[in-house]
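Notes to accompany the following structure.
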Amino acid sequence: MTATDFRPKSDFLRIILERGYMHQCSDLAGLDEKAAKGEATGYIGFDCTAPSLHVGSLVQIMLLHWLQQTGNKPIALMGGGTTRVGDPSGKDEARKILSVADIEANKDGIRKVFNRFLRFEEDGGNGVMPDNAEWLTALHYVDFLREVGRHFSVNRMLTMDSVRLRLERDQELSFLEFNYMCLQAYDFTELHRRYGAVLQMGGSDQWGNIITGIDLGRRMGTAQLFALTTPLLTTASGAKMGKTAAGAVWLNADMLPVWDYWQFWRNAEDRDVGRFLKLFTTLPLDEIARLEALGGSEINEAKKVLATEATALMHGREAALAAAETARKTFEEGVTADTLPSIDIPKAEIDAGLGVLTAFVRAGLVPSTGEARRQVKGGGLRVNDAPVTDERASIGADAFLDGAAKLSFGRKKHVLLRVVE
């Protein structure tokens, strides 16, 4: 039976299928039965490689959100242990080894994201956020090899995409990284033992690793376990989701201002609007269908709804509405809104002559002076709405109207420079 023919009994799988989250599932009927009874305790693992997750992780976060909303138990597993090893999936080189202190700091930042999407036990919900360092760092390695390692076939491990693709590209794979899939598989059995987890979810690139976990569970005597993966997410034009010219689209406001987050969604391609509304908002499907059907310039109204609803989930309704109002004032009334992202520039730097290319890099509108130079040639940069035509120009005191100068990249990205003593 294909997912297209399947008629779910559970709200969880109905939502997953209707909204386009499903790529593969190891046993639709079996998982549906569990979910209908509220017994589909499921988890997704997140390694702690940065102090925030980015938009590329948002589909997985929404899976956990819907799992909880439909009466099941979500587990957001922090990879404090596996981060010390490094996931080789999709990588051409070994991940930088982080200190334990850095991993813990990153974990704290990631927790802020999940507080927006899940209700944890300490707040009256049923969500939990364990750290696999709790059990992985306590393993006695020889005992682990005897009890767990004997269940793994090296022949099969070499066929996994995470390993095979690295070797085919003649890129070195360390023995440390080679252990990653063993540890990930062991997480599944450990979470089943501790929390009754029966479902592991992840992106489509994790299918082999998750199935390995199910197989390990069977060999170690667990109950039936399930796998569910989501499609590889790209934009309609084929770009990787969550990447822009200025870098990753972070979820934490201290790494990406709310205004920029709102603008990211507002700038979605026309063909992505309906799909993104289903994946990244909780709007009813009939309302999404109405918005998706808008044509011509009216599609911009749907994009504003997408931006506001997605931002409300991440940063709260008040912050989302403030970002929408800033956009309205900036683009429709042509005024400089005080709520635009801003950075402080010491007055001494202005007096000494702040190079225009440097200013745009400092503002985060372009990643490098080379890119800024390229944008100047294409007419993409403006200061106070006037095009920058000379890459050697400086921004002087006369550009600061009421203590601020507006830098613009294209029509939709703006940052205020504010002078401080």
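For clarity, every value in this text was computed on a predicted model and none was experimentally measured.
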From [atom1] ([X]) to [atom2] ([Y]), nearest 0.5 Å:
{"X": "I110", "Y": "M78", "atom1": "CD1", "atom2": "CE", "value": "5.5 Å"}
{"X": "L417", "Y": "L354", "atom1": "CG", "atom2": "CG", "value": "7.0 Å"}
{"X": "S52", "Y": "D108", "atom1": "OG", "atom2": "CG", "value": "13.0 Å"}
{"X": "R116", "Y": "H315", "atom1": "CZ", "atom2": "NE2", "value": "8.0 Å"}
{"X": "I211", "Y": "F226", "atom1": "CD1", "atom2": "CZ", "value": "11.5 Å"}
{"X": "L225", "Y": "D215", "atom1": "CG", "atom2": "CG", "value": "10.5 Å"}

Any side-chain heavy atom of [X] within less than 4.5 Å of one from [Y]?
{"X": "T41", "Y": "L199", "answer": "no"}
{"X": "R266", "Y": "N300", "answer": "yes"}
{"X": "F120", "Y": "R111", "answer": "yes"}
{"X": "D187", "Y": "Q200", "answer": "no"}
{"X": "D27", "Y": "K34", "answer": "no"}
{"X": "N132", "Y": "L183", "answer": "no"}
{"X": "Q69", "Y": "F12", "answer": "no"}
{"X": "E121", "Y": "K73", "answer": "yes"}

For the pair [X] and [Y], find out whether any cationic side-chain nitrogen is under 4.0 Å from an anionic carboxylate oxygen.
{"X": "D286", "Y": "R290", "value": "no"}
{"X": "D32", "Y": "R14", "value": "no"}
{"X": "R317", "Y": "E309", "value": "yes"}

Check: [X] side chain, [Y] main-chain N or O, donor-acceptor pair, under 3.5 Å:
{"X": "N252", "Y": "G109", "value": "yes"}
{"X": "N126", "Y": "N72", "value": "yes"}
{"X": "R19", "Y": "T281", "value": "yes"}
{"X": "D131", "Y": "G80", "value": "yes"}
{"X": "T70", "Y": "L67", "value": "yes"}
{"X": "T189", "Y": "Y186", "value": "yes"}
{"X": "D123", "Y": "G125", "value": "no"}
{"X": "Y21", "Y": "L279", "value": "yes"}
{"X": "R382", "Y": "G410", "value": "yes"}
{"X": "T311", "Y": "A320", "value": "no"}

**Prompt:** Could you walk me through whether L294 and V273 pass the side chain to side chain contact (heavy atoms under 4.5 Å, CB included) check?
**Reply:** CA-CA 10 Å; L294 296 175; V273 172; over 6 Å; no

**Request:** Please say whether more than 12 non-hydrogen atoms of neighbouring residues, nucleotides or ligands are located less than 6.0 Å from CD in E33.
**Result:** no

**Asked** Does atom CD of E318 have more than 12 heavy-atom neighbours from other groups under 6.0 Å away?
**Response** no

**Asked** D11 and W66: side-chain donor and acceptor closer than 3.5 Å?
**Response**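 No, W66 and D11 have no side-chain donor paired with an acceptor closer than 3.5 Å.
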
**Request:** List for me each residue that meets side-chain hydrogen bond (donor to acceptor under 3.5 Å, both in side chains) alongside W207, sequence neighbours excluded, and say none if there are none.
**Result:**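 Not a single residue meets the side-chain hydrogen bond (donor to acceptor under 3.5 Å, both in side chains) criterion with W207.
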
**Message:** List the residues meeting side-chain hydrogen bond (donor to acceptor under 3.5 Å, both in side chains) with S237, not counting sequence neighbours, and say none if there are none.
**Reply:**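 T235, E269.
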
Nearest atoms (heavy-atom pairs only) where [X] meets [Y]:
{"X": "W265", "Y": "A307", "result": "CB-CA, 3.5 Å"}
{"X": "I75", "Y": "A197", "result": "CD1-CB, 4.0 Å"}
{"X": "G79", "Y": "D47", "result": "CA-OD1, 3.6 Å"}
{"X": "S408", "Y": "H414", "result": "OG-ND1, 2.7 Å"}

**Asked** Would V415 and F409 count as a side chain to side chain contact (heavy atoms under 4.5 Å, CB included) if you check the C-alpha gap in whole Å, the side-chain angles of each, and the deciding distance to 0.1 Å?
**Response** CA-CA 9 Å; V415 172; F409 173 23; over 6 Å; no

**Item:** Stepwise side chain to side chain contact (heavy atoms under 4.5 Å, CB included) test for I345 and V419
**Value:** CA-CA 5 Å; I345 301 293; V419 181; 5.8 Å; no

**Request:** Could you point out which residue of H23, Q206, Q60 forms a side chain to side chain donor-acceptor pair (under 3.5 Å) with T230?
**Result:** Q60

**Item:** Stepwise side chain to side chain contact (heavy atoms under 4.5 Å, CB included) test for E39 and V198
**Value:** CA-CA 8 Å; E39 298 175 354; V198 296; over 6 Å; no

**Asked** For the residue pair Y43 and F188, does the interplanar ring angle fall in the parallel (under 30°), tilted (30 to 60°) or perpendicular (over 60°) class?
**Response**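 Judged by the thresholds at 30° and 60°, the geometry between Y43 and F188 is perpendicular.
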
**Request:** Quick one: sort the F276 and F280 rings into parallel, tilted or perpendicular, breaks at 30° and 60°.
**Result:**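 Perpendicular, since the angle between the ring planes exceeds 60°.
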
**Message:** Determine whether the aromatic ring centres of residues F114 and F46 are separated by less than 6.0 angstrom.
**Reply:** yes

**Request:** For a side-chain contact (heavy atoms from CB on, under 4.5 Å) with M201, tell me which candidate from I210, L64, T229 qualifies.
**Result:**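 The option that passes is L64.
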
